[in-house]
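Notes for the one structure printed next.
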Amino acid sequence: MAGDADRTDDALLRELAGVLRPWTEPPAEVLAAARGLFALRDLDAELAALTYDSLLDDEPATVRAAAQPRILTFTAGELTIEVEVDATPAGRRLIGQLVPPQPAGLELRAGEAEPVRADADELGRFVLALPPTRGRVRLRVRRADGAEVETAATVV
Amino acid sequence: MSVTSCVPLSRPKIWSGRTWAGWVEQSEVADAVRRAARGERPAWDTLVTAFSQLIWAIATSYRLGPADAGEVVQGTWLRAVENLDRIREPERFGGWLATTARHEALRLLRLRGRELVTGDDGRFERPEPDSPTPEDVLLDRDRDRRLWAAFAQLDERCRRLLQLVVVVRPPYAEVAAALDMPIGSIGPTRARCLDKLRRLLVADEVPDPARG
């Protein structure tokens with residue numbers, strides 16, 4: 001059709017915007033949930049940012065993903081929290097270590113569920129049970145001096 | 001300062017006729033980020049309204065379905081709320097969000113074991129079962145159907161780019177961040193992809209992928 005060739009970029013984009021709307025318009029409930037997240041800004045603990053995620057390690061991701069365990073690193077100042085998602089037929093676990101090594105109290109929070117607690121030993125090692133299905137979790141670390149650190153909420 | 005102060009008086013020409021509540025001037029983004037960091041909820045709401053389309057579009061451009069796309073939006077804003085106090089360049093907030101959204105989308109994709117093959121330039125096959133299909137879209141007009149059919153034949157890279165440029169405006173810093181491309185190449189790539197789209201449209205008969 002002759003008309004198609006004449007469409008300017010802007011006119012074409014405008015039409016495309018209409019056609020692609022389902023892929024560009026988030027549902028109202030998604031927006032409402034995002035607005036509600038503002039309540040979380042008053043964290044009473046220092047945030048440990050997610051600084052490494054083996055899932056986003058771009059090297060041979062396609063080969064790796066299925067075979068290799070997921071490894072995550074969180075960092076808050078000098079404290080590093082390294083964890084590995086260990087999936088076994090018996091269930092999923094988070095195996096981790098605090099660096100530098102130190103004892104601490106740990107609390108894993110997944111949604112509204114009751115937090116799962118465990119202690120890190122003198123070498124900073126810990127194991128926590130994970131919910132059976134994929135979901136967003138936070139790990140809170142209560143250090144010996146009482147200071148608290150909480151990891152960025154991450155889907156595991 | 002009220003929320004409405006962040007809504008622009010004029011929208012770019014391309015958007016005329018669209019109801020788009022989320023438009024925020026670039027210069028107001030940094031201000032909204034700072035105010036949100038100080039605890040002003042209306043500023044946060046403004047940011048969410050302004051950028052959620054972009055995040056949703058990034059998520060669906062990786063062919064994530066509505067549930068996963070919602071998870072990407074949630075995860076991206078969660079990252080934002082966690083980091084509000086430490087965003088160093090608030091004027092680049094949109095780009096930061098776009099990068100974060102891309103990471104969240106890739107994380108979910110890979111968690112699901114459906115990685116995209118690097119350099120995937122394949123044809124658009126059937127949409128994922130849980131993603132919107134042409135039938136879900138109210139494409140009343142024949143021209144819209146043909147446009148969709150032509151779009152579906154574009155390579156992955158063009159589809160992703162065009163899907164993002166319809167929700168942000170030049171200079172496309174957010175698009176560059178979302179696609180991990182240099183900002184200078186967005187404009188030329190956009191032009192090339194639109195040319196391809198136009199060529200597909202003018203072809204006498206556009207094959208309909210839905211009919212195989």
Side-chain angles (χ1 to χ4, degrees), chain A residues 1-27 29-43 47 49-50 53-58 60-66 70 134-136 138 150-156, chain B residues 13-18 36-37 39 41 44-45 48-49 52-53 55-57 60-61 66 69-71 73-75 77-85 103-104 106-108 110-111 113 115 117-118 131-132 136-137 139 143-144 147-148 151 162-163 165-167 190-191 194 197-198 201-202:
Chain A
M1 276 187 201
D4 288 329
D6 295 336
R7 270 183 265 196
T8 65
D9 283 3
D10 279 1
L12 192 52
L13 276 178
R14 186 162 53 233
E15 278 191 74
L16 199 56
V19 170
L20 295 182
R21 196 161 296 183
W23 291 273
T24 60
E25 288 284 348
E29 64 269 21
V30 169
L31 287 175
R35 290 195 188 95
L37 291 175
F38 195 60
L40 297 178
R41 66 180 285 280
D42 299 317
L43 265 188
L47 178 79
L50 177 60
D53 182 345
S54 59
L55 276 183
L56 298 186
D57 189 353
D58 271 335
T62 44
V63 182
R64 167 198 311 270
R70 171 106 178 268
R134 172 168 67 95
R136 207 172 281 284
R138 297 172 180 276
E150 188 162 305
T151 66
T154 306
V155 176
V156 297
Chain B
K13 205 176 83 197
I14 181 171
W15 299 114
S16 56
R18 270 198 100 190
R41 176 176 271 279
W44 172 258
D45 290 348
V48 168
T49 311
S52 289
Q53 262 190 328
I55 302 170
W56 181 262
T60 60
S61 81
E71 186 72 43
V73 174
Q74 183 86 351
W77 286 116
L78 201 50
R79 211 60 85 217
V81 87
E82 287 166 350
N83 289 286
L84 266 180
D85 295 338
H103 288 163
E104 289 288 308
L106 286 173
R107 183 173 288 127
L108 272 189
R110 289 174 184 176
L111 265 179
E115 303 86 355
V117 178
T118 313
S131 68
D136 297 331
V137 191
L139 298 181
R143 200 156 73 147
D144 282 352
L147 184 55
W148 196 92
F151 177 79
L162 290 179
Q163 186 169 322
V165 299
V166 299
V167 294
R190 187 192 92 147
L194 286 173
L197 184 63
R198 238 186 310 263
L201 270 172
V202 296

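Predicted model only: the values in this text are computed from it and were never measured. Proteins get letters first, then strands, A, B, ... in listed order; numbering begins at 1 in each.
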Between [Y] and [X], is there a side-chain heavy-atom distance shorter than 4.5 Å?
X      : Y      : answer
B/L106 : A/L55  : no
A/E150 : B/E82  : no
A/L47  : B/N83  : yes
A/E25  : B/V167 : no
A/L16  : B/F151 : yes
A/T24  : B/T60  : no
B/R190 : A/L13  : yes

Between B/W77 and A/A34, what is the shortest heavy-atom contact and its length? CD1-CB, 3.5 Å

Provide the closest heavy-atom pair for A/W23 versus B/W56 in the form atom of the first, atom of the second, distance.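 Taking A/W23 first and B/W56 second, the nearest heavy atoms are O-CD1, 3.4 Å.
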
Among A/L50, A/V155, A/L37, A/T154, which has the most heavy-atom pairs under 4.5 Å with chain B?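 Top option by heavy-atom pairs under 4.5 Å: A/L37.
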
Heavy-atom proximity to chain B below 4.5 Å, by part of A/R41: both

Checking heavy atoms, do the side chain of B/E71, its backbone, both or neither come under 4.5 Å from chain A? both

